[in-house]
Amino acid sequence: MNIADWLIIIVFTLTVLAIIAIVLFLVYIITFDRNQKRHAILRNYPALGRMRYFFEKIGPEFRQYWFDADLEGKPFSRVDYEHIVKGAKYMREVVAFGSKRNYEEEGFYVRNDMFPKLTEEIKMDNETKVDSKRYILVKDSLFFQREEKWEEEESSAYLLHDDDAIVIGPNTKYPFKVKGLIGMSAMSYGSLGNHAITALSEGLSLAKGTWMNTGEGGLSPYHLKGGVDVIMQIGPGLFGIRDKNGEVDWDELKRKSEIPEIKAFEIKLAQGAKTRGGHIDAEKVTPEVAEIRKVEPYKSVDSPNRFHQFSDVVTMCEFIEKIRSHTGKPVGMKIAVGGNDSIKELAKYMKESGKGPDFITVDGGEGGTGASYQELIDSVGLPIRSALPIVVATLQKYGVRDRVKIIASGKMFTPDRIAIAIAMGADLVNIARGFMISLGCIQAMRCNSNTCPVGVATTDPDLQKALVIDEKKYRVANYLVTLRIGLFRISAAAGIDSPVHFQPKHIMFKDDKGVVIPLENILQDIEKQIG
């Protein structure tokens, strides 16, 4: 026999063996499925039922990339996601043809001025520059990988003018001065991996004039990698400053306050996505994470629902005063707002005692989290555009608004959203998931499982290899700078020379019938409701 005959015999034999193997496998599956007692559909439709589970598992990916329309995806639509990615990767903000916004729906709009500001009339820091890198798209064909060029990019940092800089805790020993309106919201090491935290620290440092919040997981060495300003968050679990008995280690707090990068402290009462203490699954509690948090490794960690060190406004303010006097640095608080009277008692006590926080972070219910529960994430805590005006109006009513800075948080990932929040009374804004997307997050929704496929929300060293710090840090910087550019651009359109001058008069609300209501009128109604 020649070689061709032998090849025919081999191919035929392999084909027969493959068919036999498939038949035997199907017989095994059918027998097993019919006799198992856990899944009803497999008992009646063995093998075929397995296809149902297969398609069920890949359903989220199919919907995200194929079936969801551009504006349908949650929590971020495809349009939202791509806008962040393009700003981070290409520093490109231009879109073509027209808006995809549904103008029939109700919503807020920035009121443009008939005579907008010219570029030379904008008031900002024109000296500070950002040295970054960005991609230039060369070719994007259908069947081949996108061809891109990686190049150096120098741009203005688009920071506030010195006259407009925001000062937190002006009466403290070490006030915190910021020249950028946008910072990183609380994201703990442990919830995010060390590659992600390092890239964020270095990227934010490149962009200058900003800060990062440690989250309640405590200060890690990775938060300090870039030398960016840091707000250290203290949650009910006291992670990073707790002693063996779970109480505040005041000596450790003092040591942390002496770290130059730490500019302020924030006590976390609640988070918009979970009005409770934080949670981290056991697989994420590596020995390093456990050491930073002062807990046991590979055991799930739940913070208490609240601090046991205080139980009312008076004792809370005393706790804040103690931290401030012990560290000499500004101390704020993070809250989720539940109703019209949520901070009434706090504002009243601030007026009577002269005590209270230096800043308040208002976190909307639409904000993100690494892990929470459906009933809390969906239905507890007001969204930011309801919560923020309540806080501002209450502080104004009791005459203490000027004593405290307000940081708004909750899907503040575009310049127009930020502008509306500032007009509603925010001094600054925090962003979390926008920065995660700039790092490469694909919304796999696995933040709580330690299996993030792009290495962002995981401490798994193998998965973290996907996140290259020296590339992603530039995306973080680019995204932040494009936000600032957009914020100054929309300010100019509104006829003001800096975004710090956004006021309620610059925002209009259109209802679903086309009726336009000034934001000023809405805020007046809120003032009446808080009494």
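All residue numbers refer to positions in the sequence shown, counting from 1. Atom set for the values below is all heavy atoms of this structure, side chains included, hydrogens, waters and symmetry mates excluded.
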Query - Heavy atoms of other groups near Lys208 NZ, more than 12 under 6.0 Å - result: yes
**Report entry** Straight-line distance of Thr394 OG1 to Leu346 CG, nearest 0.5 Å
**Finding:** 9.5 Å
Query raised in the report: Given side chains that start at C-beta, do those of Ile259 and Ile262 come closer than 4.5 Å, heavy atoms only?
Result: yes
**Report entry** Check: Phe76 ring centroid to Phe413 ring centroid under 6.0 Å
**Finding:** yes
Query - Test item: side-chain donor near acceptor, Glu266 and Gln233, under 3.5 Å - result: yes
Requested in this report: Would you mind checking if Lys348 and Glu345 are paired as a salt bridge, meaning a charged N to carboxylate O distance below 4.0 Å?
Outcome: no
Query - Pair His501-Ser498, side-chain donor/acceptor within less than 3.5 Å - result: no
**Report entry** SB check Asp427 Arg401 (cutoff 4.0 Å)
**Finding:** yes
**Report entry** Atom CG of Asn102 with >12 non-hydrogen neighbours under 6.0 angstrom
**Finding:** yes
Query - Within 45° cone and under 6.0 Å: Lys334 NZ/CZ vs Phe359 ring - result: no
Report task. Indicate yes or no for a side-chain donor-acceptor contact from Ser325 to the backbone of Glu321 under 3.5 Å, with no hydrogens or angles considered. Result -> yes
Query raised in the report: Going by distance alone, is a donor N or O of one side chain under 3.5 Å from an acceptor N or O of the other, for Thr458 and Asn450?
Result: yes
**Report entry** pair Ser491-His506: side-chain heavy atoms closer than 4.5 Å
**Finding:** no
Report task. First locate atom NZ of Lys355, then atom CD of Glu318, and finally report the distance between them rounded to the nearest 0.5 Å. Result -> 5.5 Å
Query raised in the report: Is the shortest distance from a Lys or Arg side-chain nitrogen in Arg324 or Asp358 to a carboxylate oxygen in the other one below 4.0 Å?
Result: yes
Report task. Evaluate side chain to side chain contact (heavy atoms under 4.5 Å, CB included) for Met333 paired with Met316, printing each intermediate quantity in order. Result -> CA-CA 10 Å; Met333 56 189 285; Met316 179 187 71; 3.8 Å; yes
Query - Donor-acceptor under 3.5 Å (Lys510 side chain, Tyr103 main chain) - result: yes
Query raised in the report: Which pair of non-hydrogen atoms, one from Leu219 and one from Met232, has the smallest distance, and what is that distance?
Result: N-CE, 4.1 Å
Requested in this report: Test the Arg101-Tyr109 pair against the cation-pi criterion, namely NZ or CZ under 6.0 angstrom from the six-membered ring centroid and within 45° of the ring axis.
Outcome: yes
Query - Glu520 atom CD, neighbour heavy-atom count above 12 within 6.0 Å - result: yes
Query raised in the report: When rounded to the nearest 0.5 angstrom, what distance separates CG in Leu483 from CD1 in Ile182?
Result: 4.5 Å
Requested in this report: May I ask you to decide if Thr198's main-chain N or O and Ser201's side chain share a donor-acceptor pair within less than 3.5 Å?
Outcome: no
Report task. Consider only side-chain N and O atoms of His308 and Glu247, and report whether a donor and an acceptor are under 3.5 Å apart. Result -> yes
Report summary line: Rounding to 0.5 Å, atoms CD1 (Ile197) and CG (Leu192) come to a distance of 5.0 Å
Query - Enclosure of Glu104 CD (heavy-atom neighbours >12, cutoff 6.0 Å) - result: no
Query raised in the report: Any salt bridge between Glu93 and Arg489, counting N to O under 4.0 Å?
Result: yes
Query raised in the report: Under 3.5 Å, is there a donor-acceptor pair between the side chain of Glu366 and the main chain of Lys411?
Result: no
Query raised in the report: Would a distance-only check, ignoring hydrogens and angles, find a side-chain to backbone donor-acceptor pair under 3.5 Å from Arg385 to Met424?
Result: no
Query raised in the report: Among side-chain atoms of Glu288 and Tyr189, is any donor-acceptor pair under 3.5 angstrom?
Result: yes
Query raised in the report: Under a 4.5 Å cut-off applied to non-hydrogen side-chain atoms, are Phe509 and Ile522 in contact?
Result: yes
Report task. Could you tell me whether Arg484 sits above the aromatic face of Tyr158, with NZ or CZ closer than 6.0 angstrom to the six-membered ring centre and within 45 degrees of the axis? Result -> no
Query - Under-4.0 Å salt bridge between Glu252 and Lys256 - result: yes
Report task. Check the pair His223, Ser220 against side chain to side chain donor-acceptor pair (under 3.5 Å), reporting the backbone distance first and the verdict last. Result -> CA-CA 6 Å; His223 288 105; Ser220 75; 2.9 Å; yes
Report task. Would you indicate whether the side-chain heavy atoms of Phe502 and Ile496 approach each other to under 4.5 Å? Result -> yes
**Report entry** Inter-residue atom distance Ile166.CD1 - Ile407.CD1, 0.5 Å rounding
**Finding:** 10.5 Å
Query - Distance (rounded to the nearest 0.5 Å) between Leu253 CG and Lys322 NZ - result: 10.0 Å
Query raised in the report: Is it true that Lys268 and Glu216 make a salt bridge, defined as a side-chain N closer than 4.0 Å to a carboxylate O?
Result: yes
Requested in this report: Please answer whether the main-chain N or O of Asn430 pairs with a side-chain N or O of Ser185 as donor and acceptor at a distance below 3.5 Å.
Outcome: no
Query raised in the report: Is Ser188 reaching over with its side chain to a backbone N or O of Gly217, donor-acceptor style, under 3.5 angstrom?
Result: yes
Query raised in the report: Any side-chain donor-acceptor pair under 3.5 Å between Ser449 and Arg446?
Result: no
Query raised in the report: When Leu428 is tested against each of Leu181, Ile422, Val500 for side-chain contact (heavy atoms from CB on, under 4.5 Å), which residue passes?
Result: Leu181
Query raised in the report: Which of parallel (below 30°), tilted (30 to 60°) and perpendicular (above 60°) describes Trp250 and Phe319?
Result: perpendicular
